[in-house]
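Report on one structure; see the data block that follows.
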2 protein chains.
Amino acid sequence: MLLNLSHTEENYIKAIYHLEQDGKPVSTNDLSELLKTAAASVTDMLKKLKQKKMVHYKAYYGCNLTEAGRKGALMIIRRHRLWEYFLSKKLGFSWDEVHDIAEELEHVGSTSLIDKLDAFLGYPRFDPHGDPIPDEKGHIVQQQNKLLSEIPLHLPVEVVQIGDQSAHILELLSDKNIRIGTLLEVRKRFTYDQSLEIKTGSKSITQISKELSQNILVKDHE
Amino acid sequence: MLLNLSHTEENYIKAIYHLEQDGKPVSTNDLSELLKTAAASVTDMLKKLKQKKMVHYKAYYGCNLTEAGRKGALMIIRRHRLWEYFLSKKLGFSWDEVHDIAEELEHVGSTSLIDKLDAFLGYPRFDPHGDPIPDEKGHIVQQQNKLLSEIPLHLPVEVVQIGDQSAHILELLSDKNIRIGTLLEVRKRFTYDQSLEIKTGSKSITQISKELSQNILVKDHE
DNA sequence: ATAAAAATTTAGACAAATCTAAAAAATATA
DNA sequence: TATATTTTTTAGATTTGTCTAAATTTTTAT
């Protein structure tokens, strides 16, 4: 363990990282719910993580990661997402199967293992869910909108922007009932012309050309 | 965990498997030494493993794996050796770096993960140390002598047999000071003609052609 | 502003895996 | 065979991460 953290401690700081939006403190209860652990147990762990200087913690107030804690969390997220990428791209797991396995693999704590895995995979910047992978220094790109052409199969996404705003494209989109806020899911990707078969909303299926898919910007649907 | 065993319990049955030569019971002390754990702790664990029907155990007598225990041990060894192969062949670790990392990876317990990894690697039958990899049913080939042409770099081996017994080959071997019992280590493998550069005994370096390397049978030098 | 509700912490306990020290059993030796 | 030595087990503690129940603090609502 390079971080001198137990598996459990790693899970806590990862959870705190995910709950920490803006600078607001993370509540004991939210952690308790996310980790499916009694609130009393969370309190105990927060005291220990404070001792290890991984979190700032004040009774009845909540916690925030210290700089060391944030670095640690990013390393765990890096491991998790690289393993997800490996499982999906190399072993052929579907994007919805990889999370639980990566949850275990992420705690194997050899830095050289992860760096070599990163190199082997070709330094991917996004995992199969479209989430950014921190680099070896813990730098992470801001979660950004992606092109529909780059979205994995069966991942629910929401349309947030249209690249080319010409009337022609809007006509086409309107005909397909696609607009900002529409929920989509890529069902098939045809290698021949890179056209997509997508499901919009709850039922209808439609075909999208490569050109069109490169002009639809989407983001993960929560 | 498919086997319902903790990491620690898995380590115990793996250790028992390795100590169990012929049918003789494995002593508490031997386990204690191999696992670097106090004998008293081993006794406690053996009682628990007996309850879980992984071992036969009688106080002051020793233990043996049950059929379930043996199956479990072989699965752990399978995971260990497949990860070693992956680390060595795909990530570029040297054969002496892979053991400790595999020791951690072997406890990640998804069966489909290991079976897909096996397929991804092309169903290798030996790990980087030359040890056989059990298949998905737990079948393991008997440890056998291998051709020098198939030995990984830097692995110390001992010559046990010469394939072609012609005088010509023996003349060549005698000139190179190689005979049954000689210790060798492959230092380099030239892709061009698959010739090898080997170290014999303690000092001398010599070159071996592909043909010759395919007629020298070796075994691991523990 | 004060009582009721919600969130959090404290207290005390438990299971897993470990330890040391002491007791008991098995083995070796004289 | 009787005794000494070695091996193994039992007894009693410790650490980590967890729990429930009760106490306390904070927040919400009247």
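Letters A, B, ... mirror the listed sequences (proteins, then strands); counts begin at 1.
For A:Ala40, counting side-chain heavy atoms from C-beta on, the closest listed nucleotide (D:dT9, C:dT8, D:dT20) is D:dT20. Looking at the side chain of B:Ser41, the nearest of the listed nucleotides D:dT18, C:dT18, D:dT10 is C:dT18. Picking from D:dT18, C:dT18, D:dT9 the nucleotide with the shortest atom distance to the side chain of B:Thr37 gives C:dT18. With C:dA11, D:dT18, D:dT10 as the candidates, the nucleotide lying closest to the side chain of A:Met45 is D:dT18. Here the side chain of A:Asn29 is nearest to one of C:dT8, D:dT8, D:dT9, namely C:dT8.
For the pair B:Lys36 and C:dT18, the criterion of a side-chain N or O lying under 4.0 Å from OP1 or OP2 is not met. A sub-4.0 Å separation between OP1 or OP2 of C:dT18 and a side-chain N or O of B:Tyr12 is present.
In this structure, A:Tyr60 and A:Thr8 both approach DNA chain D, and ranking their closest nucleotides by distance from the 5' end singles out A:Thr8. Residues A:Ala39 and B:Tyr61 each lie close to DNA chain D; by heavy-atom proximity, the contact nearer the 5' end of the strand is made by B:Tyr61.
Residue contacts shown for B:Thr28 are limited to sugar-phosphate atoms, with no base heavy atom under 4.0 Å away. Contacts of B:Ala59 with the nucleic acid, taken as non-hydrogen atoms under 4.0 Å apart, involve only primed sugar atoms and P, OP1 or OP2.
Distance B:Leu46 CG to D:dT9 C1': 11 Å, rounded to the nearest Å. Look at CG on B:Asn11: it is 15 Å from C1' on C:dA16, rounded to the nearest Å. Rounded to whole angstrom, the span from the CD atom of B:Glu33 across to the P atom of D:dT7 amounts to 10 Å. The interatomic distance linking B:Asp44 (CG) with D:dT10 (C1') rounds to 9 Å, in whole Å. A straight line from CD of A:Glu10 to C1' of D:dT16 spans 15 Å, rounded to a whole angstrom. Rounded to a whole Å, the NE2 atom of B:His7 is 14 Å from the C1' atom of C:dA16. Taking atom NZ on B:Lys47 and atom C1' on D:dT10, their separation rounds to 7 Å, with Å as the unit. Distance A:Gln51 CD to D:dT15 C1': 13 Å, rounded to the nearest Å.
Using modelled atom types, one side-chain atom of A:Arg78 and one backbone atom of A:Pro134 make a donor-acceptor pair closer than 3.5 Å.
Ring geometry, A:Phe120 versus B:Phe120: the interplanar angle exceeds 60°, so the pair is classed perpendicular (tilted spans 30 to 60°). Note: B:Trp83 and A:Trp83 have perpendicular aromatic rings, judged against thresholds of 30 and 60 degrees for the angle between ring planes.
Salt bridge B:Arg79/B:Glu103: absent, no basic N to carboxylate O contact under 4.0 Å.
Cation-pi geometry between B:Lys116 and A:Phe93 is met: the NZ or CZ atom falls under 6.0 Å from the ring centre, inside 45° of the normal.
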